[in-house]
2 protein chains.
Amino acid sequence: MKSNTSICIGFLVYPNFTQLDLTGPFEVFSRIPDAKVHLIWKKTEPVRSDKGMSLLATVDYAHCPDLDLICIPGGPGQVELMQDHETLAFIRDKAQRANWVTSVCTGSLLLGAAGLLQGYRATCHWNSMDMLAILGAKPVAERVVMDRNRITGAGVTSGIDFGLYVVAMLFGEDLAQQIQLQMEYDPAPPFDAGSTKTASIHIMDEVQHQMSSLQQRRRAMTQLAATQLDEVDVEL
Amino acid sequence: MKSNTSICIGFLVYPNFTQLDLTGPFEVFSRIPDAKVHLIWKKTEPVRSDKGMSLLATVDYAHCPDLDLICIPGGPGQVELMQDHETLAFIRDKAQRANWVTSVCTGSLLLGAAGLLQGYRATCHWNSMDMLAILGAKPVAERVVMDRNRITGAGVTSGIDFGLYVVAMLFGEDLAQQIQLQMEYDPAPPFDAGSTKTASIHIMDEVQHQMSSLQQRRRAMTQLAATQLDEVDVEL
């Protein structure tokens, strides 16, 4: 555990990301007393989420400092980024110098495409979990998965649990619990439908149907990314 | 329940708001198939949260359409807004024409300052709950509180529960459960510290100590707003 709470954190932000993948853990991390939290994109401009919320990137790739922790959120835009070699190189570079390499939701597929999950246990949104294996990772259906310095969160809202887990690990349970109480994180979902273990079959079928064309494209791009992994020469 | 899923929703956004108060329910509402979700401020410019995340407002007061549902998030900046009579008048005007008047966290104090909670049961962040009474509301320590067409959520993360509650009520449990599964909202907080009922005394003391100067200012501004409520002539 660090004796002070100084930490430099960077979230990648990109067109068509899922904003709650990022805004959940951002809310947690930004409450670490001395945290500096960056939102990173190619340009310091507003970046539009898949649902039309635009967040202002605070630093571009060229000016991004070395990070203690890098976090990659997921979302439909992640699919295109798997062939954006500038972004993959940026992630790889920052990850190699970071203490912690992390993601939420399908952000782990971007870590995987950057060659950063080969041989690592990792998680992802439930509907894309099996794609991790295509990239050489070992899929684990848990809400937060840590393997050495890789910490991955499952779908969307798991980013809040992930954030608290990381704060507790780095700065102790007292700070994590303070942040949890500040955020009144005493969740009471009105239904028990948040997991494939508990959701009705017809709810799950409907969601998979809605996502099917995106998932088809995601799988194809994941397979393409996997064929390029041999070309990545990275010290893991 | 509406037979289609068309709905026009507006979130107020303002300097020093708490972003997760808004981004949680935004993620839920923006997944309603035909929802139009606005982020409203005086100007369509980036608006900075209390923790330094800037969101782009999508419509200004003058161009904001009538809303089916208005939602006011909380945050430190809410304190100053309680004396911003342009904003209070805007909230009042839109609320009077909306079907649903809602808030998350200390956003309910803004509804109260606008004269919209007199005689209504409502909730707020746990540490400001009692201030609701100063504005004529009846404080209820629950995560989501509905009284006629006012729906208020408790602190920060309760906005996700609030969002799912609203979707279920307006569009049925099937859609709410689909959204819950899409968002993998199967929360697993690493600690049981998210409520004053379960947090340790020393955690609660520490959080209250951290918030004490803000709370002092919040209380003074709430009392000032209460003295001005008689001047508000609004059909509730």
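In the text below, chain A, chain B and the rest are named by the order of the sequence lines, each starting its count at 1.
Note: B:Gly194 leads B:Gly194, B:Ala35, B:Pro187 in heavy-atom pairs under 4.5 Å with chain A. By number of non-hydrogen pairs under 4.5 angstrom with chain A, the leading residue of B:Ser158, B:Ala176, B:Cys105, B:Pro190 is B:Pro190. The choice from A:Gln208, A:Arg143, A:Met211 that makes the most heavy-atom pairs within less than 4.5 Å of chain B is A:Arg143. The candidate with the highest count of non-hydrogen atom pairs below 4.5 Å against chain B, out of A:Val207, A:Val144, A:Leu20, is A:Leu20. Between chain B and the options A:Thr58, A:Leu56, A:Asp161, the largest number of non-hydrogen pairs under 4.5 Å is found for A:Asp161.
Between A:Met204 atom CE and B:Gln178 atom CD the span is 13.0 Å, to the nearest 0.5 Å. With values rounded to the nearest 0.5 angstrom, B:Asn127 atom CG is found 8.0 Å from A:Leu181 atom CG. Put simply, CG on B:Leu175 and CD on A:Glu206 are 9.0 Å apart, with the number rounded to the nearest 0.5 Å. Note that CD1 of A:Ile203 is 4.0 Å distant from CG of B:Asp174, once rounded to the nearest 0.5 Å.
Between B:Pro189 and A:Gln180 there is a side-chain heavy-atom pair separated by less than 4.5 Å. Residues B:Gln177 and A:Asp192 form no side-chain contact, since every pair of their non-hydrogen atoms from C-beta on lies 4.5 Å or further apart. Between A:Met183 and B:Thr157 the shortest side-chain heavy-atom distance falls below 4.5 Å.
Interface residue A:Leu55: backbone and side-chain heavy atoms are both found under 4.5 Å from chain B. In this structure, the portion of B:Pro46 lying under 4.5 Å from any heavy atom of chain A is its side chain and not its backbone. If you measure heavy-atom distances from B:Ala154 to chain A, the contacts under 4.5 Å come from both the backbone and the side chain. If you measure heavy-atom distances from B:Ile179 to chain A, you find no contacts under 4.5 Å at all. In this structure, the portion of B:Leu39 lying under 4.5 Å from any heavy atom of chain A is its side chain and not its backbone. Residue contact with chain A, scored on non-hydrogen atoms closer than 4.5 Å, involves the backbone and the side chain of B:His125 alike. Of the two parts of B:Gln182, the backbone and the side chain both hold a non-hydrogen atom closer than 4.5 Å to a non-hydrogen atom of chain A. With a 4.5 angstrom heavy-atom cutoff, B:Gln210 touches chain A only via side-chain atoms. Looking at A:Ala199, the atoms closer than 4.5 Å to chain B (heavy atoms on both sides) all sit in the side chain, from C-beta outward.
At most 12 non-hydrogen atoms from other residues, nucleotides or ligands lie less than 6.0 angstrom from NZ of A:Lys36.
Here the closest heavy-atom approach between residue B:Arg31 and residue A:Val156 is recorded as NH2-CG2, 4.3 Å. Heavy atoms only, all atoms of each residue included: A:Ser195 and B:Asp186 are closest at CB-OD2, 3.4 Å. Taking each heavy atom of B:Phe26 and A:Lys51 in turn, the nearest pair found is CZ-O, 3.5 Å. The two residues A:Thr18 and B:Glu27 make their nearest non-hydrogen contact at CG2-OE2, 3.5 Å.
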